[in-house]
Every structure is written in structure tokens, then in C-alpha cells.
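Read through the structure below, which is laid out as C-alpha cells, and then see the notes.
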Amino acid sequence: MSNDTVTALAQDASGQVWVGTREGLLVYEGAEFREISYAQGLPSKHITALYQSPGSDFWIATSAGALRYAGGRLEPVTALRGTAVAFVGEDAHSWVFVTSQGIRRLPKEQPVSWQWLGWTAGGLLLTGGALWGGWQWRQGQQVRLRLAQTEQRALLAQMNPHFIFNSLQSIQNYILRQQAEAAQHYLTRFGGLMRLILEQSRQPLLPVRAELSMLRSYLELEALRFEGQFTYQVAADDALLDEEIPAMLLHPFVENAVWHGLAHQAGRGHIEVRLTREADYLVAVVQDNGVGRQRAAGQPGNHAGYPSRGSAIMEERIALLNRQAHRPITVVITDLGSSDSLPQGTRVVVRIPRLHS
């Protein structure tokens, strides 16, 4: 299962058992679980309720909307997109949804709109349809944007515990080595950084200036833990400091450079983060001189039973961002060095469309 906390359980008319959790929706088909993904129309992986109507309609409530399961497909409730739904029920004439904005009722049978049938016979059908379609498209864009921001906040909430665990492990190392003063200094700096992250990660977008400031603070903490075994440089063109990018977009790549690229490096390490502009894109480069991806994959894990999820979370988050973007964010990872020599590090190039271009 995707998560141990089960939030809803129901059986549909065909006998399938549905299991809702805080991080996914699964269908038990007699032999194994099948997970329902975003690609199948799921608006959020936080499932809040499941409801089987006596009339065979099966409903799924999430923290970002509700869906009807019919004919083997998920059909989103347009009026509830982006709205947290806690309960689904029905009365004689309506479907009843308890949401974060109050109780919503939707008629079970939509009445025929004779006004729109009259439009089909009028000479203004083409013009009216074009205007209506444009308005619907704009409304849909706003709904999709709100939905994507909700999903991003959920993913950032998963990323923060991942970062907290790594930093607390560093503090634990100082304590085990009986370096109380160093542990206290590290803990103080860590507390300041966490306060900054928790305040700013609630926003879907951050200025480049704030993003780089958090990266510098993070690298400073890790440099303390490694006792000066690596150096770092974080820079951007001055003209780009007020540009906005998705919050904490670069952190997992910098974290991988430290924990997987330099953690097993014998010599002195170096990490460089630089942002430049190319036409309508911001280009972020994260480069290290570590052992490379292949050798790092063969090393024992750093987290002793707690596998790193930062990269997987970031891949899913970028996919969500690209769902509602005109131009996608792209990530290219390159192993440095020639084919006949040992790896000489890793370079990650992230191309981010400028928001105001």
C-alpha cells in the first residue's frame, strides 16, 4: 500500500474493494492492489471519503475535489474542482457534499436548458459558442492552477520531513562524538533555516533571491557537518534575483550532490549552483566534483533504512507543474568525465520558463 493510514474503505457495485489513504487511492482486485494515479484523473492523493450509492453510483472524495466512478472511468465533479471534500451522501433529489466551503448540493438529473437549445437555432451560434468556449477555457485554467498549487503544497509537505531527518541525523553525529558545543551551534543554525523554510514553502513561488538564500544556509550546515571537507558557491545574475520560481525546486538536486556525490568523495569536494538567463528561460546548474551517480548508487545508504525520497517527490512535482504550463520545466543530468576514466562529478541543468516573459 502507498500509505499505512487508511482514511476510507468501500466496495462498489461490481465487488471491487476501494481503499483510500493519505497518500493514494487503491483498488483491491482479488489478488493485489492497483493504484489510481494522477494520469487517470485523480485530483489529489489525499483521499477523504468513499461512498457507494444504492443506485450504483460510486463516489470518491479528496482534498482537492470529488469524482464519480462509472463505466471504468473517473469523472471529476467540475463544480468541486480544487475544493476539499470531507463527506459524500445523497437525498431524494441531490448529491450532498460536505466541503471546506460548506455543504454543496448537486441535482441528480440536470434539467434541460431550453435557452441554450434556442441558441442553436439562432444566427449567433458561432459567435456565442466562441465567446463561451474562451470563457470556459480561462475558468478551467484558473481551476487547474489552483489544483496544481494544492498538489504542490502537499508534495512540499512531504519534502520538509525528508530534509528535517537529514539535518537531525547530522546533529546526532555531533552528540555521539560528544561535541556538545558544535551540536548546539549546528542546532541553532538548523532552527533558523527550518523557520525560514516553513514560512516560505507555504508559497508556491519564491523570488530567486530567497531560494538561493535557503540553499546557502543549507550548504553552510552541511559544510559544518563535513567539517570543511567541501566548499560551495551559490550565485545568480543580479538581474534575475527578483524573478520567481517554484519554491524549493533546486533543493533536492543540491541535497543529492551533498549526500550522494560528496559523501563518498575521498578528496576535497566542491558544489556550485548558478542561475543564468537564456531567452525566456532561467537556467539553473547544480554541479559537483563527487563520485558520480553510478558509484554513488553502489555505496551503502546514508539513512540506514530510510531511503531518500527527495528526487522521486521532485519528479512528481515537476510533472504536476508541467501539466498546467505552456512551456515545461526540463531537467538534464550529466555524468562528468570521459568514458575511459573515473567519474569526475555530476551536472544537473534545470530549465525553468520565466513567468513574466
Strictly under 6.0 Å, is that where the ring centroids of Y28 and W18 end up?
no
Would you tabulate the side-chain donor-acceptor contacts of residues 65-73 under 3.5 Å, counting partners in other chains and residues two or more places apart, or write 'none'?
{"unit_1": "R68", "atom_1": "NH1", "unit_2": "D57", "atom_2": "OD1", "d": "3.2"}

Atom CZ of residue position R189 - does it have more than 12 heavy atoms of other residues, nucleotides or ligands inside 6.0 Å?
no
Any L240 side-chain heavy atom under 4.5 Å of E243 side chain:
yes
For the pair R216 (side chain) and V234 (backbone), establish whether a donor and an acceptor sit closer than 3.5 Å, ignoring hydrogens and angles.
yes
Cluster link L241 to V285, ILVMFWY, side chain under 4.5 Å:
no
Could R354 and Y281 be counted as a cation-pi pair, given that NZ or CZ must be under 6.0 Å from the ring centre and within 45° of the axis?
no
Should F253 and V283 be counted in the same cluster of Ile, Leu, Val, Met, Phe, Trp and Tyr side chains packed under 4.5 Å apart?
no
A quick test of your reading: do over 12 heavy atoms of other residues, nucleotides or ligands sit less than 6.0 Å from CD of Q40?
yes
Nearest heavy-atom neighbours spanning P353 and P328
CG-O, 3.7 Å
Of all heavy-atom pairs between V350 and I329, which one has the smallest distance, and what is that distance?
CG1-CG2, 4.0 Å
Side chains of L50 and W59: does their closest heavy-atom pair fall under 4.5 Å?
no
What's the spacing between D238 CG and R209 CZ if we round to 0.5 Å?
8.5 Å
Please say yes or no: joined through hydrophobic side-chain contacts below 4.5 Å, possibly via intermediate residues, are L224 and L193 part of one cluster?
yes
Check this for me: F33, atom CZ, are more than 12 non-hydrogen atoms of other residues, nucleotides or ligands nearer than 6.0 Å?
yes
Any luck finding a side-chain donor-acceptor pair between T231 and H270 under 3.5 Å?
yes
Side chain Q52, main chain A13, donor-acceptor under 3.5 Å:
yes
What closest approach, in Å, do A223 and Y232 show between heavy atoms, and which atom pair accounts for it?
CB-CE2, 4.2 Å
Under the side chain to side chain donor-acceptor pair (under 3.5 Å) rule, collect the residues that match up with S213, sequence neighbours excluded.
none
About how many Å separate CZ of F190 and CZ of R195, when rounded to the nearest 0.5 Å?
11.5 Å
Rounding to 0.5 Å, atoms CG (L249) and CG (L321) come to a distance of 7.5 Å
Hydrophobic clusters here meaning ILVMFWY residues chained together by side-chain heavy-atom distances under 4.5 Å, can you tell me if L74 and V27 are in one?
yes
Do side-chain atoms of S94 reach the backbone of V96 as a donor and acceptor pair under 3.5 angstrom?
no
Taking G20's backbone N and O only, do any of them form a donor-acceptor pair with T7's side chain (distance below 3.5 Å, no angle check)?
yes
Minimum heavy-atom separation for S63 and T48, please, with both atom names.
N-CG2, 4.1 Å
Do L219 and F230 have side-chain heavy atoms sitting under 4.5 Å apart?
yes
One pair to check against side-chain contact (heavy atoms from CB on, under 4.5 Å): E278 and R351. What are the steps and the verdict?
CA-CA 9 Å; E278 292 182 6; R351 291 175 58 83; 2.9 Å; yes
Which heavy atom of L206 sits nearest to which heavy atom of M214, and what is that distance?
CD1-CE, 3.4 Å
For the residue pair L25 and V19, establish whether any side-chain heavy-atom pair is separated by less than 4.5 Å.
no
Distance col, row K45:NZ vs E35:CD, nearest 0.5 angstrom, shows 5.0 Å
So which heavy atom on G24 is nearest to which on I47, and how close?
O-CG1, 3.5 Å
Under a single-linkage definition using a 4.5 Å side-chain heavy-atom cutoff for Ile, Leu, Val, Met, Phe, Trp and Tyr, are F87 and L9 assigned to the same hydrophobic cluster?
no
Could you give the distance from CZ (R274) to CD (Q287), rounded to the nearest 0.5 Å?
11.0 Å
Heavy-atom distance under 4.5 Å between the side chains of R104 and L80, does that happen here?
yes
For a 4.5 angstrom cut-off between non-hydrogen side-chain atoms, does L336 reach T346?
no
Could you grab the distance from atom CG of D237 to atom CG of L282, nearest 0.5 Å is fine?
9.5 Å
Non-hydrogen side-chain atoms of S53 and W95 separated by less than 4.5 Å:
yes
Report yes if some heavy atom in the side chain of V98 is under 4.5 Å from a heavy atom in the side chain of V85; otherwise report no.
no
